[in-house]
Amino acid sequence: MSRKTTFEERIEIVEWITKGKHSYAEAAEHFKVSYQQVRSWVIKAQTGGYESLADNRGHRKPTTELTETDKLKRENRQLKAQLAEKKILEEFVKKYMELQRRG
């Protein structure tokens, strides 16, 4: 029942509920989105304003805004990823060398 929505559509849905005194269920049916999502958007808009309705998935804080702990966590994740890539490459080379010796 859910579908992707734009930032402007989310604002429209929230305003339709708050100004028109419609229920979450009515809005979900009218705009073809889920009840849970409609409720979530209304609560976000009430607590954080319309800016909170923006889709921020995949966005990161700039390095200048990170705490020292956050910087260390980010560096730790990067090093773990590099280590995993190195292990995969070493296993590939090992397997390749084994196949070369057989053939």
Side-chain angles (χ1 to χ4, degrees):
M1 183 169 174
S2 291
R3 63 178 181 81
K4 291 187 177 186
T5 56
T6 64
F7 177 69
E8 290 78 19
E9 285 177 309
R10 292 178 202 143
I11 292 174
E12 179 185 355
I13 293 168
V14 169
E15 287 181 347
W16 194 77
I17 291 170
T18 55
K19 292 180 181 175
K21 303 294 183 199
H22 297 284
S23 70
Y24 298 143
E26 290 172 332
E29 187 176 323
H30 183 264
F31 290 99
K32 306 283 190 271
V33 294
S34 72
Y35 173 93
Q36 294 85 356
Q37 196 60 70
V38 170
R39 183 178 179 277
S40 172
W41 290 331
V42 171
I43 291 170
K44 281 183 181 180
Q46 289 172 342
T47 58
Y50 287 147
E51 301 82 35
S52 63
L53 298 177
D55 185 2
N56 290 323
R57 290 177 295 180
H59 292 263
R60 293 184 176 170
K61 288 182 182 177
T63 306
T64 55
E65 292 182 16
L66 294 176
T67 65
E68 190 63 31
T69 304
D70 290 337
K71 289 178 185 177
L72 291 172
K73 285 180 182 178
R74 184 179 283 184
E75 181 182 5
N76 191 20
R77 279 195 307 270
Q78 290 171 344
L79 291 172
K80 284 182 179 180
Q82 289 173 357
L83 183 60
E85 289 174 15
K86 184 178 177 184
K87 285 181 181 180
I88 290 170
L89 182 60
E90 287 173 355
E91 289 175 18
F92 173 78
V93 169
K94 183 178 176 182
K95 188 68 170 179
Y96 179 77
M97 297 301 287
E98 181 183 321
L99 291 172
Q100 287 294 326
R101 284 190 294 263
R102 286 185 195 174

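Predicted model, so just to flag it, every value in this text is computed and none were measured.
- The aromatic rings of His22 and Trp16 sit parallel, their planes meeting at an angle under 30°, below the 60° perpendicular limit.
- Taking the side chain as every heavy atom from C-beta outward, Asp55 and Arg10 approach each other to under 4.5 Å.
- For the atom pair NZ of Lys71 and CD of Glu75, the computed distance is 11.0 Å after rounding to the nearest 0.5 Å.
- Interatomic distance, Gln46 CD to Thr18 OG1, rounded to the nearest 0.5 Å: 7.5 Å.
- We find that Arg102 and Glu98 are joined by a salt bridge, their nearest charged nitrogen and carboxylate oxygen being less than 4.0 Å apart.
- Checked options Lys95, Met97, Glu90, Glu91; the residue passing with Val93 is Met97 (criterion: side-chain contact (heavy atoms from CB on, under 4.5 Å)).
- We find the CD-CD1 distance between Glu15 and Ile13 to be 11.0 Å, quoted to the nearest 0.5 Å.
- Both Phe7 and Trp41 belong to a common hydrophobic cluster when Ile, Leu, Val, Met, Phe, Trp and Tyr are linked at side-chain heavy-atom distances under 4.5 angstrom.
- Note that the CG atom of Asn76 and the OG1 atom of Thr69 stand 12.0 Å from one another [nearest 0.5 Å].
- Interatomic distance, Gln37 CD to Thr5 OG1, rounded to the nearest 0.5 Å: 6.5 Å.
- A side-chain donor-acceptor contact under 3.5 Å links Arg3 to the backbone of Phe31.
- Ile43 and Ile17 fall into different hydrophobic clusters, where Ile, Leu, Val, Met, Phe, Trp and Tyr are joined by side-chain heavy atoms under 4.5 Å apart, directly or via other members.
- Val14 approaches Ala45 most closely through the heavy-atom pair CG1-CB, 3.8 Å.
- Note that the NE2 atom of His30 and the OG atom of Ser23 stand 12.0 Å from one another [nearest 0.5 Å].
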